[in-house]
Asks: 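The structure under discussion is supplied below as structure tokens; questions concerning it will follow.
Side chains included, hydrogens not; waters and symmetry mates left out as well; all remaining heavy atoms used. Residue numbers begin at 1 in each chain, while the letters A, B, ... track the order of the sequences.
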Amino acid sequence: MDIRLDAISHSYGDTEVLRDISLDIPNGKIVCFVGPSGCGKSTLLRLIGGLERASKGRILQLGSPPEGCLNPLTYVFQDFALLPWRSVHGNISLVLEDRNIKGAQADAIIADVLARTKLSDFSKALPRQLSGGMKQRVAIARALAVKPAVMLMDEPLSALDSQTRELLMDDLVALWTRQSFTAAYVTHNLAEAVRLGHRIVVLSRRPGEIREIVEIDIPLRDRTHGDAKLEQTQKHLWDMMRDEARAADEELLDV
Amino acid sequence: MSDTGAKNQPIEVRFRGGGFAPKARRSVGLAVFIFLIGIAEIGTRQGWISSLTLPKPSDVLATFGELWESGLLFKHLIPSLSRLAVGAAIGASIGIAVGIMIGLFSYVRAGMVPLVAAIFPIPKIALLPLFVIWFGIDEASKYALIAFGTFTPTVVATYGAVDNVDRSLIRMGQSFGLSWLSIVRKIVLPGAMPGILSGLRISLAIAIILLVAAEMLGAEYGIGAYILEAGSLYDLERLFAGVVILSLLGVILSTLIGFIEGRLLSWRA
Ligand SMILES: Nc1ncnc2c1ncn2[C@@H]1O[C@H](COP(=O)(O)OP(=O)(O)OP(=O)(O)O)[C@@H](O)[C@H]1O
Ligand SMILES: [Mg+2]
């Protein structure tokens with residue numbers, strides 16, 4: 001299933017946040033969104049996920065979601081959004097219960113996603129007993145449990161320290177390599193973008209417009225540290241971002 | 001750092017963390033009670049507290065023993081407890097239901113919040129005659145008074161608790177396509193539970209106060225009736241025996257809620 005954004009614009013009251021965004025999120029690819037703070041990345045993701053209505057334009061699903069898909073558009077939140085009163089197992093079964101998946105069938109799904117996120121030993125733990133990285137893996141496991149057509153990830157690694165972030169990026173790459181998933185991935189970390197993105201969308205400062213779309217055709221698992229081409233792409237992205245950030249700063253000074 | 005004279009004298013870093021995390025220390029509460037009662041006992045025995053100001057704690061205990069032996073204790077206690085249970089249960093459950101509705105629906109909020117604010121400061125005891133006219137002099141008016149008094153604080157605590165539920169958890173529920181009912185049952189209610197329970201502590205204490213007030217009017221048996229009778233005769237021993245029963249009731253209810261909290265909120269720890 002592909003997602004197509006068709007001339008999306010969005011405003012909150014008088015503040016124009018997004019302007020005329022058109023792009024495709026192709027099946028099985030990870031599309032990263034980068035841009036200066038406040039340019040509307042989170043807003044765009046909420047629009048794609050149907051949590052908010054765009055002021056103008058349409059979001060289209062092309063094709064039907066894969067078989068067994070319970071929740072086509074599934075979020076992974078920056079702050080994990082785990083229920084503190086439910087165990088790891090309970091947090092995942094939460095999203096299955098409503099689809100009438102209970103008992104052995106639910107246990108099988110939960111065991112599978114916990115194994116894929118290397119959490120099998122922690123199914124009884126409460127969120128407060130887990131480290132940040134583990135919490136985010138639980139959130140990813142929960143998202144995988146509903147077999148999403150598209151994962152919407154809003155800075156999923158930003159709340160984590162840099163080592164944990166590296167490890168989780170490896171996990172995400174392994175996860176994608178085993179079974180490719182589609183994702184819209186918002187980040188402000190360019191290293192993350194060039195490591196995980198098949199396609200990187202650079203947004204301008206507010207109102208967010210597409211400045212450039214960068215394609216990276218190196219397969220995810222072949223992307224290594226210090227790869228010259230990736231470094232070059234990252235530098236190119238950084239130059240654009242710096243211009244935008246600086247311009248945004250100067251706009252503020254003018255006020 | 002400027003190096004003045006004593007630069008090779010290491011100073012241990014002063015500890016300034018800790019605190020702000022009260023732990024359960026049961027024995028301390030007990031010690032406070034024993035200490036106060038002990039002083040009263042010694043004072044009344046030695047005469048520097050006159051027996052007109054305060055009855056001897058041991059006499060109060062003796063009165064208590066008589067109450068127990070004559071079977072009067074339960075004759076008074078059982079109607080009181082059932083009034084408290086029925087009244088508080090009605091008030092608290094309607095209060096929680098209305099509080100949740102206020103927390104969830106804009107129109108209920110707009111309609112009910114001013115109403116609750118208007119009802120809250122009315123001393124419910126003042127309305128007892130009205131309840132007697134509405135519900136008769138029997139049990140029903142007592143239930144109504146206690147229920148009404150528990151209702152308002154419960155409502156306020158509950159909608160505050162619902163307001164405080166982490167919105168990002170609710171967004172999460174919506175993003176996974178959970179039904180409205182599931183979101184309320186599995187996210188809003190458990191999230192509001194800490195606030196609801198601490199509100200219940202206050203509501204139940206108010207229920208005990210109103211219980212006594214209700215029983216002071218037209219009740220043959222009940223702790224309130226017993227205290228009123230003792231008071232009108234200036235029988236301080238019996239008055240205090242009654243008051244002690246009320247205090248014990250308060251302690252027991254508070255312990256009970258503590259127990260429920262331990263059960264339902266173990267995830268907080
Ligand atoms: N619900 C809202 N009501 C009004 N304004 C909003 C709302 N949500 C976001 N905004 C505004 O829209 C703009 C874009 O916000 P958004 O959160 O999408 O930015 P972002 O690109 O995700 O930023 P960051 O990198 O800091 O996460 C901001 O200026 C913000 O103040
Ligand atoms: Mg954001």
Side-chain angles (χ1 to χ4, degrees), chain A residues 42 45-52 65 69-88 90-102 124-130 135 138-139 141-154 156 159 184, chain B residues 17 20-24 96 99-100 103-104 106 157-201 257-269:
Chain A
S42 301
L45 219 55
R46 285 200 296 275
L47 296 175
I48 299 176
L51 290 183
E52 262 176 66
C69 169
L70 300 173
N71 189 43
L73 304 168
T74 298
Y75 278 89
V76 175
F77 298 91
Q78 178 175 1
D79 60 356
F80 321 131
L82 300 176
L83 302 185
W85 50 86
R86 284 194 176 219
S87 65
V88 168
N91 263 290
I92 302 174
S93 74
L94 172 81
V95 299
L96 299 173
E97 286 159 14
D98 262 49
R99 321 277 169 172
N100 248 321
I101 300 177
K102 295 192 177 107
K124 292 209 172 56
L126 286 171
R128 71 178 152 86
Q129 298 166 313
L130 303 176
K135 281 184 205 160
V138 176
R142 177 177 63 189
L144 292 173
V146 293
K147 303 203 173 59
V150 180
M151 289 230 255
L152 305 170
M153 310 173 94
D154 191 357
Chain B
F20 300 101
K23 295 192 190 68
I96 291 175
I100 289 173
L104 294 176
S106 326
T158 304
Y159 85 72
V162 172
D163 285 352
N164 272 331
V165 174
D166 190 348
R167 295 294 122 167
S168 69
L169 293 180
I170 295 176
R171 292 281 165 277
M172 182 278 293
Q174 291 177 322
S175 79
F176 277 95
L178 302 197
S179 68
W180 182 87
L181 202 64
S182 291
I183 292 179
V184 173
R185 260 183 47 224
K186 296 171 184 171
I187 300 178
V188 174
L189 264 187
M193 202 43 87
I196 294 178
L197 284 177
S198 64
L200 224 47
R201 270 180 201 279
I257 291 187
F259 182 73
I260 296 174
E261 280 179 340
R263 265 304 182 71
L264 288 183
L265 309 180
S266 56
W267 52 271
R268 276 201 309 188

Asks: Name the member of L152(A), T74(A), L83(A) that forms the most heavy-atom pairs with chain B at distances under 4.5 Å.
Replies: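 Maximum pair count with chain B is reached by L83(A).
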Asks: Would a 4.5 Å heavy-atom cut-off, applied to side chains only, mark W267(B) and P127(A) as touching?
Replies: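 Contact flag for W267(B)/P127(A) side chains = no.
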Asks: What residue in S168(B), S266(B), P190(B) has the most heavy-atom pairs under 4.5 Å with chain A?
Replies: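 Top option by heavy-atom pairs under 4.5 Å: P190(B).
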Asks: Got a second to check how far L51(A)'s CG is from R171(B)'s CZ, nearest 0.5 Å?
Replies: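 So the gap between those two atoms works out to 7.0 Å.
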Asks: Within a 6.0 Å radius of atom CZ on R167(B), are there more than 12 heavy atoms belonging to other residues, nucleotides or ligands?
Replies: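 Check passes, neighbour count above 12.
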Asks: Without swapping roles, check the side chain of W85(A) against the backbone of R268(B) for a donor-acceptor pair under 3.5 Å.
Replies: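 Side chain of W85(A) to backbone of R268(B), a donor-acceptor pair under 3.5 Å: no, none is there.
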Asks: Which residue out of R46(A), R86(A), Q129(A), R142(A) racks up the most heavy-atom pairs below 4.5 Å with chain B?
Replies: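 Most heavy-atom pairs under 4.5 Å with chain B: R142(A).
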Asks: Got M172(B) and Y75(A) here, is their nearest side-chain heavy-atom distance under 4.5 Å?
Replies: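 Side chain of M172(B) against side chain of Y75(A), heavy atoms only: no contact under 4.5 Å found.
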Asks: Tell me if the CZ atom of R128(A) is crowded by more than 12 foreign heavy atoms within 6.0 Å.
Replies: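 Buried by this count: over 12 neighbours within 6.0 Å.
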Asks: Quick one: of L265(B), L264(B), L169(B), who has the most non-hydrogen atom pairs under 4.5 Å with chain A?
Replies: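 Answer, by heavy-atom pair count under 4.5 Å with chain A: L169(B).
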Asks: Measuring heavy-atom distances to chain B, does V146(A) have an atom under 4.5 Å in its side chain, in its backbone, in both, or in neither?
Replies: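 The side chain, not the backbone.
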Asks: Using atom types as modelled and distance alone, determine if a side-chain donor or acceptor of D98(A) lies under 3.5 Å from a backbone N or O of S179(B).
Replies: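 Flag set: sc D98(A) to bb S179(B) pair under 3.5 Å.
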Asks: Have a look at F176(B) and tell me which of L96(A), L94(A), L73(A), N71(A) forms a side-chain contact (heavy atoms from CB on, under 4.5 Å) with it.
Replies: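 Testing each of L96(A), L94(A), L73(A), N71(A) against F176(B), the sole residue satisfying side-chain contact (heavy atoms from CB on, under 4.5 Å) is N71(A).
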Asks: Is L181(B) in contact with chain A via its backbone, its side chain, both, or neither, using a 4.5 Å heavy-atom distance?
Replies: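 Neither part; nothing is under 4.5 Å.
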